[in-house]
Protein chains: 2
Amino acid sequence: MSETQKPAVAFLGPETSYTHQAALSVFPNDEYDLQWQHSIKEVFDLVQNEKVRYGVVPFENSTNGSVVWTLDLFVNAQNLHPDILVEGEVYLPVHHCLLDQVVLSPDSGSITPTQDTPNPQKPRSKPLQSLAHIKKVYSHPQAWGQCKLFLNTYLKGIEQQDCGSTSRGAELVAADETGTSAAIGSRFTGEVNGLDFLAENIQDAEGNTTRFLIIRNTKDVPLYSSPSSSSSNHFTDNSSQQKFKTLITLTVSHGSPGALADCLAVFKKFGLNLTSINSRPSTESAWHYVFFVECVGRKFPDGAGGEVNHALEELELVAKGWRWLGSWENRLVGGGVEE
Amino acid sequence: MSETQKPAVAFLGPETSYTHQAALSVFPNDEYDLQWQHSIKEVFDLVQNEKVRYGVVPFENSTNGSVVWTLDLFVNAQNLHPDILVEGEVYLPVHHCLLDQVVLSPDSGSITPTQDTPNPQKPRSKPLQSLAHIKKVYSHPQAWGQCKLFLNTYLKGIEQQDCGSTSRGAELVAADETGTSAAIGSRFTGEVNGLDFLAENIQDAEGNTTRFLIIRNTKDVPLYSSPSSSSSNHFTDNSSQQKFKTLITLTVSHGSPGALADCLAVFKKFGLNLTSINSRPSTESAWHYVFFVECVGRKFPDGAGGEVNHALEELELVAKGWRWLGSWENRLVGGGVEE
C-alpha cells in the first residue's frame, strides 16, 4: 500500500449505510480513501492482508445488542485474522426514517393511521403524510426490532421484506415503479437515493445508538489517533486509565465450577470495571463458549505494567486461554453518548 | 381451558418447523393439541394468558448461539409475561437438507459443482444431483450461518432469499412454477411439502443442535414431567442436583467494579457450575445489561434449602435485582446430546 496516496479505509457497505456514516465521522473523504465492502468478513480480510489501513465494522446496538457476525470473526481470529487489533470506537445515534418515492402531484395528505394499539406504549413519532398507499416495507432485520411500536401502530399487517442493509432497501424503493413501497433507513440514505420522508425518528428507544469498532493490522504503525486525544500522546500514566477500554476474549475449562467467576475476579482485584460481557459458541465443540470481556483501562506496551497488564498476567493462571484484542480511547463519556 | 380435552401446546411455527419437531418429541399428537404460532411472543402471550398449557420456543443453537428474541422476552417479562416459568428443555440435532421440486423427467444427473474453494475447509456432504438449474435458494437467516461451507462450495454466487422460517422457504419452493429454486430445511419439511432431496446433512458442524425451552404458567399445576423422570418424583434430595439446570436473570449496579464478579462468585461458593452466561440490553437505559446465568442445580420449593436456594439468598445481597426463571431436568448428558 502506498502511503503517498490517501490511506484506504474499508467499511461495511453499501454506501450511505450507518457504518458509512460512522466511518466518515472519523475518516473524512478528503484525507482517506473510503471503500465499501459487502460483508464484515471482507473488511476483516482486507485489514488482515494489509490491503487497507483501517476497517470500520458494527459491534453493538443499544437496543438490539451485539452484532454476532463481528464477534464470531474474533472467535475465529486465530485461523483467519490473527493480526487484527481494535484501535478505536465510534458511537453513532441511529435515527430511522420511513422513506418513499417523491410524488410530484401529492395526494390529499390526510393522516389516516390505524390507531388500534392494544398496548399502552406509543411510538415516539407520527407519520408526516398518509401511509395508506404503502403495501410493502423494506429494511434490514435489525430495523424491525428497533421500530416495533411505529410499525405496530401505523403499518400493522403490511408486508415486511428483509434486505441485506437499510441502504439496499432504500435503493429498492427508489427503483419501485409502483410507488407503493417504503424503506426504513437513515436521513443520509434517504437523501442520497432522492426519497421522500414519510416519518422521522421512528425508532422505539430515544437513545438508540450503534457502536462501531475501528480495526487495523498489528503490523501497521497507527496513523489515526482519536479526535480528542490528538493533542496529547501521554497515555502511559495510570491516571488516564479511565479514558480507555480494553477488549479480551477468554476460554475457561469446561465443567470446572467457578472457572468464569475466577477470571472475572481477576478484573475486580485490579479495580477494572467491566463495560460489557458476551459469550459466543466456540467453533471447536458444541456447548463450549468463548467469552468477550470489555473493561475500563489500557494495556501498555510490553514492559510498562498498568492494571490491565497485571490482570492479563494473572488471567494466564486461571483462564484456559485468552487473547488481547486491543485497547482504545473510550468514546462513551459519563454513561451518555458523546455527540 | 378445559382439561377434559387434550392439553394445548403452542409452539413457534409454521408446521414442520424445527420447533414443531422439538415439541412433538415431548408432546405427541395423540395426547396433546399442538397449535403453531407466528412468533415467539405469541407463544409467550398464550402461556401468560393461560390459553395453552405449555409453550415450546427455540433458545440456543450450538453453532449460531442464543436466540435473542427469546432472551428479550425474558428481559421484558416483568411487564408482559410475569408468570412464565421454564419447565424443561429439548435438544434437537439439526440436519439441513437442500430441497427442490420433484422433477418427473430427471436431467442427466451429472454433478457439476463449482469446486473453487480458496479455503482448505470442505463441506461435510456432496450434492446427490446436479445443482446447475438452481437460480435462487430460500431459507431462514440462521441456516445461511449453519451451511456456509456447502453454500460457498456448491452454490457460490447464487441468490439467497431470507424467509421467516425454513418451512416457509420449502413452501415457496413447492409453489415456484419455474422449478429453479431450492430451500434449505429439514427432512420433515421436505417430506411434508413433497420436495426432492438435492443434498442431505449440508450443515457445517457435525453436532449442530438446537436447544428449545418448554415454558408454562406459574399458576398452572404441571402436567408434563420429562420422559426419563416420569418414574420418580424424588427430586428433593441434594444428591440429584446434577440432574437439573436453573436459569436466572440478574442486573448489577452499573459502574461498580466487580459487581458481576461478585454475583458469579456466589455461584462458585455453592459449587454451582455455570452452563451458560449471556447478556442482553436492558430495555430501561442504553448500555445497561441484563445477564442470563444458567447453572447446574435446582431451586427447591420455598423452605427446602438446596444450594440454588442458598445462592439466591446471597445474590440478594450483591445483585441489584434477580429473577428465577425456572429449574428443570438437564437433557444434555455427559456433554453430548441425549438422543
Side-chain angles (χ1 to χ4, degrees), chain A residues 60-66 68-69 71-72 80 119 121 141 145 160-164 204-209 211 252 254-281 283 285-289 291 295-296 332 335-337, chain B residues 60-66 68-69 71-72 79-80 119 141 145 160-164 204-209 211 252 254-281 283 285-289 291 295-296 332 335-337:
Chain A
E60 188 182 22
N61 174 269
S62 62
T63 314
N64 269 16
S66 303
V68 296
W69 300 275
L71 295 183
D72 287 349
L80 296 173
N119 197 306
Q121 282 186 287
Q160 294 176 0
Q161 172 92 50
D162 289 348
C163 301
D204 297 345
E206 176 125 32
N208 191 35
T209 300
R211 174 154 70 128
V252 301
H254 188 76
S256 156
L260 182 62
D262 288 344
C263 291
L264 299 190
V266 170
F267 291 89
K268 186 190 175 184
K269 177 176 171 185
F270 291 99
L272 299 167
N273 193 17
L274 301 190
T275 45
S276 85
I277 184 166
N278 272 290
S279 62
R280 288 293 301 158
T283 50
S285 62
W287 317 116
H288 287 209
Y289 302 89
F291 298 98
C295 66
V296 168
L332 185 70
V337 175
Chain B
E60 186 182 23
N61 174 269
S62 61
T63 315
N64 269 17
S66 303
V68 297
W69 300 275
L71 295 183
D72 287 348
N79 298 324
L80 295 174
N119 196 306
Q160 295 176 1
Q161 172 91 52
D162 289 348
C163 301
D204 297 346
E206 176 126 31
N208 191 36
T209 301
R211 174 155 70 129
V252 300
H254 189 75
S256 156
L260 182 61
D262 288 344
C263 291
L264 298 190
V266 170
F267 291 89
K268 187 190 176 185
K269 177 177 171 185
F270 291 99
L272 299 166
N273 192 17
L274 302 190
T275 45
S276 85
I277 184 166
N278 272 291
S279 61
R280 288 294 299 158
T283 51
S285 64
W287 316 118
H288 288 209
Y289 302 90
F291 298 98
C295 67
V296 168
L332 186 70
V337 175

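Reminder, nothing fancy here: chain letters follow the sequence lines and each chain counts from 1.
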Legend entry - Under the salt bridge (charged side-chain N to carboxylate O under 4.0 Å, His left out) test, residues paired with B:Asp162 that sit two or more places apart: none
Inset, instruction - Could you tell me which of B:Cys295, B:Ser279, B:Cys263 has the largest number of non-hydrogen atom pairs under 4.5 Å with chain A? - result: B:Ser279
Legend entry - Between CZ on residue B:Arg211 and OG on residue B:Ser66, distance to nearest 0.5 Å: 9.0 Å
Inset, instruction - Identify which part of A:Phe267 has an atom lying under 4.5 Å from any heavy atom of chain B, answering side chain, backbone, both or neither. - result: neither
Inset, instruction - For chain A, find which of B:Asp204, B:Thr63, B:Val68, B:Asn208 contributes the most heavy-atom pairs closer than 4.5 angstrom. - result: B:Thr63
Inset, instruction - Against chain B, label A:Glu60 side chain, backbone, both or neither, depending on which of its atoms sit under 4.5 Å from a heavy atom there. - result: both
Legend entry - Interatomic spacing from OH in B:Tyr289 to CG in B:Leu260 - rounded to 0.5 Å: 12.0 Å
Inset, instruction - Return yes if some donor-acceptor pair links the side-chain N/O of B:Asn61 with the main-chain N/O of B:Thr209 below 3.5 Å, else return no. - result: yes
Legend entry - Largest heavy-atom contact set with chain A, pairs under 4.5 Å, which of B:Ala261, B:Ser62, B:Gly258: B:Ser62
Legend entry - Any residue meeting salt bridge (charged side-chain N to carboxylate O under 4.0 Å, His left out) with A:Asp262, in chain and number order, not counting sequence neighbours: B:Lys268
Legend entry - Most contacts with chain B, counted as non-hydrogen pairs under 4.5 angstrom, among A:Val296, A:Asn64, A:Leu274: A:Asn64
